[in-house]
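Report on the following structure.
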Amino acid sequence: MVGIVLVSHSAELAVAAVALARGIAGEQVPLAAAGGTDDGGLGTSFDRVEAAIGAVDRGDGVVLIPDLGSSVLTARLLEAPGRVVLADVPFVEGAVAAAVTSGAGAPLEEVLAAAEEARAFRKT
């Protein structure tokens, strides 16, 4: 199953988004929150993101979903083509779409594509 890491400047935001995605997609989906700095502040920690990748990697690949700014830059540093990929998607919508698709057993490319489709979700 494809793992998903939500990378945010805020630990609380990352944890809440994981809870939402897990609540919709199911407990079996490997999801991890990587938010905040090592000292509990706002920001992004390379070490936290790297550890989260290790925690969700089941051998089928990992999708990184960052929120903005330095979380995107940090995620880019950890990309590994065909294994760890960055999704340029809305944070919450992309997380839910990726989690649901991963939970259905889709491969990495399909999980990434589902997350990317979230960019076009209309609310009106």
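The structure displayed is predicted, hence computed values, not measured ones.
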Holding to side-chain hydrogen bond (donor to acceptor under 3.5 Å, both in side chains), I want the full list of residues that pass it with [X], two or more places apart in sequence or in another chain.
{"X": "Asp67", "value": "Ser8, His9, Ser71"}
{"X": "Thr101", "value": "none"}
{"X": "Thr74", "value": "none"}

Let me confirm one number: the CG-CG distance from Leu77 to Leu86, rounded to the nearest 0.5 Å.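 The CG atom of Leu86 is 10.5 Å from CG of Leu77, to the nearest 0.5 Å.
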Atom CG in Leu78, atom CG in Leu73: separation rounded to 0.5 Å?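 Interatomic distance, Leu78 CG to Leu73 CG, rounded to 0.5 Å: 11.5 Å.
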If the condition is side chain to side chain contact (heavy atoms under 4.5 Å, CB included), which residues does Thr37 pass it with, not counting sequence neighbours?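 Asp39.
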With Arg83, which residues qualify under side chain to side chain contact (heavy atoms under 4.5 Å, CB included), at least two apart?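 With sequence neighbours excluded, Arg83 shows a side chain to side chain contact (heavy atoms under 4.5 Å, CB included) to Asp57, Ala80, given in chain and number order.
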Quick check: closest heavy atoms across [X] and [Y], and the distance to 0.1 Å?
{"X": "Ala87", "Y": "Pro66", "answer": "O-CD, 3.7 Å"}
{"X": "Pro90", "Y": "Ala118", "answer": "CG-O, 3.8 Å"}
{"X": "Ala99", "Y": "Ala21", "answer": "CB-CB, 4.0 Å"}

For Ile4, what are the other residues in its hydrophobic cluster, where any two members join if their side-chain heavy atoms are less than 4.5 angstrom apart?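 Members alongside Ile4: Met1, Val2, Leu6, Leu13, Val18, Leu20, Ile24, Val29, Leu31, Val63, Ile65, Val85, Val89, Phe91, Val92, Val96, Val100, Leu108, Val111, Leu112.
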Any sub-3.5 Å donor-acceptor pair from Ser45's side-chain atoms to Arg48's backbone N or O?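 Pair found, side chain donor or acceptor close to backbone of Arg48.
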Report yes if the side chains of Glu93 and Lys123 come closer than 4.5 Å at any heavy-atom pair, otherwise no.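 With C-beta onward as the side chain, the pair touches.
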